[in-house]
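Please read through the structure below; I'll follow up with questions.
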Amino acid sequence: MKKWIKSTAAMALTASLLAGCGSPGSTASKAEDGAQQASTGAADQFKEKLSLNLMSITYEGGGWPDKHPMIDYLNKKFNVDLKFQWVPSDSYTEKLGVLAASNSFPDAFFIDMNNFLKWRDKGVFLDVKPLLGNYPNLTKDIKPETFAIGNPSGKIYGVPVYTPETRDTLVIRKDWLDKLGLKYPTNTDELYNVAKAFAKNDPDGNGKEDTVGFSTSISGGTTFNNLDYLKFAFGLANGWKEVNGALVPWQVQNKELKDFLGYLRKAYAEGVLDKDFAVNKNNDPSVKAEANKLGIHQLVATAIYAEGSSGSELNIKKTDPNAQWMTGAPPKGRLDTRYSRRGEP
C-alpha cells in the first residue's frame with residue numbers, strides 16, 4: 001500500500017568500514033589507507049577477526065538479542081564480532097545528535113537525509129568513493145545516479161538505502177467484522193462505519209466501551225503514522241505529486257488536507273479515532289492491537305502473522321485466541337462526500 005521513494009536516506013559507515021569522521025583535508029589519505037587495507041582484507045579471506053558496532057532503528061520496541069542465529073551465522077561466515085545497538089524510532093534522531101556531539105558514532109548506522117546533508121557540509125564524513133571498487137557486491141545493484149543523490153560531484157559520503165516500492169498494508173479484525181455482521185469496507189465512508197461499530201458495539205464482548213476503531217501517532221514530528229490508507233484515499237501525496245507539470249508537496253494540498261482532517265475531527269469527536277493519538281508513541285497503536293483493543297491498523301505485510309512482530313495476529317491471540325486479521329485493498333475516496341477528495345482513489 002505504502003509507496004516509498006528510493007534512496008531518500010543514506011547509510012553512513014564510519015571508522016573501519018566505508019566512511020569515517022575527519023576533517024576534509026584528511027579525507028584523501030584516509031581513503032587511500034582504507035583502500036589498501038580493504039585489498040589486503042579481501043586477499044586473506046577474513047583471517048583477521050573484525051569487531052563491528054552497528055546501530056539500527058527498531059520500530060517494534062526491541063531488537064535481536066545478543067545471542068541470535070543470524071548474528072551467529074554472520075560472525076562465523078565473515079569472521080567478525082557483531083554488536084548491535086537497537087534504538088527506538090521515537091528517539092533515534094535525538095540519539096544521533098548525542099553521538100555527533102560526543103564524536104562517538106558506531107561503525108555503521110542509518111542516517112536520515114536532513115542530518116546527512118548537515119553533517120556532510122561540515123566535513124564529518126570520509127569520502128568512500130576510492131574504496132567502493134573493492135566491494136562489487138555492495139555496488140553492483142546501485143546505479144551511479146543513485147549514489148549521486150545528496151553527494152557532491154565526484155565524492156560519495158554514504159551508501160544509499162533501498163526500500164521496497166510497497167510495504168505496509170491495511171489490516172482489519174475479521175472476527176470483529178463477523179461478530180457484528182459487517183463486510184470489509186471499500187470506501188472511506190464504509191471504513192468509518194466499520195470503525196465506529198468497532199468502537200461502540202463491544203466487538204470484544206466484555207460489556208465495556210473500551211475498544212478503538214483506528215489509531216495513529218504524531219510522535220517524533222511525523223504526520224499521522226499508520227494512516228496511509230486514509231491519507232492516500234483523500235488524495236494526499238506520498239511526499240510530492242505532479243500537478244500541471246509541477247511538483248507539489250503534500251503540505252500545500254489544502255483541499256485534500258481539509259477533507260482529511262475533517263474526517264479525523266469527526267472520528268475524534270464521536271470516539272472512533274483513538275483519544276490518545278496525540279500522545280501515542282510510534283509503536284502504541286500496535287501495542288493496543290495486541291491488547292485486543294484496536295480493530296483497524298496498518299502493518300508491514302510480513303509482520304502480520306510473524307511471531308514476535310509488534311501487532312501480529314499471533315501476539316493478539318495470546319489475549320483473544322479467536323483474533324484474526326483480514327487484509328484487503330485500501331478504501332477508495334467517494335465522489336460525493338465532503339470528507340474525501342473528488343477523483344480516483
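Keep in mind the model is a prediction, meaning the values are calculated, not measured.
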Does I316 offer a backbone N or O that forms a donor-acceptor pair with the side chain of E290 under 3.5 Å?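 No, because the side chain of E290 does not come within donor-acceptor range (under 3.5 Å) of the backbone of I316.
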Might you point out which heavy atoms bring E313 and W325 nearest each other, and give the distance in Å?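 Looks like OE1-N, 2.8 Å.
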If you measure from NZ on K231 to OG1 on T216, what distance do you get to the nearest 0.5 Å?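 Here the rounded value is 7.0 Å.
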Distance (rounded to the nearest 0.5 Å) between L177 CG and F198 CZ: 4.0 Å
Under 4.5 Å between any side-chain heavy atoms of I172 and P185, yes or no? yes
Could you label the plane-to-plane angle of the F277 and Y268 rings as parallel, tilted or perpendicular, counting under 30° as parallel and over 60° as perpendicular?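 The arrangement is perpendicular - the two ring planes meet at more than 60°.
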Quick check on the hydrophobic clustering: are I296 and L273 connected, directly or via other members, by side-chain heavy-atom contacts under 4.5 Å?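 Cluster IDs for I296 and L273 match.
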Lys/Arg-Asp/Glu bridge criterion (N-O < 4.0 Å) met for K255, D259: yes
Less than 4.5 Å apart, side chain to side chain, heavy atoms only: is that true for F109 and L54?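 F109 does not reach L54 side chain to side chain.
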Please round to the nearest 0.5 Å and tell me the distance separating atom CZ of R173 and atom CG of D204. 8.5 Å
State, yes or no, whether a side-chain contact exists between K83 and D107 at a heavy-atom distance under 4.5 Å.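 No. Closest side-chain heavy atoms not under 4.5 Å.
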Would you say W176 ends up clustered with I304 if hydrophobic residues are merged whenever their side chains have heavy atoms under 4.5 Å apart, either directly or through other cluster members?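 Different clusters.
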In plain terms, say whether D284 and K281 are close enough for a salt bridge, that is, a side-chain N and a carboxylate O under 4.0 Å apart.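 Answer for the salt bridge query: no.
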With the 4.5 Å side-chain cut-off for hydrophobic clustering, are V171 and V212 part of the same group?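 No, no single cluster joins them.
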Give a yes or no on this: more than 12 heavy atoms of other residues, nucleotides or ligands lie within 6.0 Å of atom CG of N206.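 More than 12 within 6.0 Å, yes.
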So, the side chain of N151 versus the backbone of Y157: is there a donor-acceptor pair under 3.5 Å, distance only?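 Such a contact is found between N151 side chain and Y157 backbone.
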Determine the interplanar angle of the Y92 and F110 rings, folded into 0 to 90°, and report it as parallel if under 30°, tilted if 30 to 60°, perpendicular if over 60°.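 Geometry flag for F110 against Y92: tilted rings.
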From OH (Y305) to CG (L299), nearest 0.5 Å: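 Reported to 0.5 Å precision, the distance equals 10.0 Å.
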Assess the side chains of D274 and S215: does a donor N or O sit below 3.5 Å from an acceptor N or O?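 There is such a pair between these side chains.
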Do any N or O atoms from the side chain of N53 and from the backbone of P106 form a donor-acceptor pair under 3.5 angstrom? no
Of all the heavy-atom pairs spanning V300 and D168, show the shortest one and how long it is. CG2-OD1, 3.5 Å
For residues W250 and L236, report the shortest heavy-atom separation together with the two atoms involved.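 Result for this residue pair: O-CD2, 4.3 Å.
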Give a yes-or-no answer on whether the side chains of N283 and S310 include a donor-acceptor pair shorter than 3.5 Å. yes
Contact check, side chains of M55 and L99, non-hydrogen atoms, under 4.5 Å: yes
Distance check, rounded to the nearest 0.5 Å: K241 atom NZ versus Q253 atom CD?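 Between atom NZ of K241 and atom CD of Q253 there are 5.0 Å.
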Cluster check M70, L82: I/L/V/M/F/W/Y, side chain < 4.5 angstrom: yes
Closest heavy-atom contact between E48 and N79? C-ND2, 3.5 Å
Using a 4.5 Å cut-off on heavy atoms from C-beta on, say whether the side chain of L170 contacts that of P331. yes
Side chains of N193 and K196: any donor to acceptor distance under 3.5 Å? no
From L131 atom CG to T139 atom OG1, the distance as rounded to the nearest 0.5 Å: 11.5 Å
Can you give me the closest heavy-atom contact between L314 and A306, atom names plus distance? CD1-C, 4.1 Å
Using modelled atom types only, decide if a donor and an acceptor are shared between the side chain of K200 and the backbone of G271 within a distance under 3.5 Å.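 No, because the side chain of K200 does not come within donor-acceptor range (under 3.5 Å) of the backbone of G271.
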Residues P330 and Y229: closest non-hydrogen pair is CB-CB, 4.2 Å
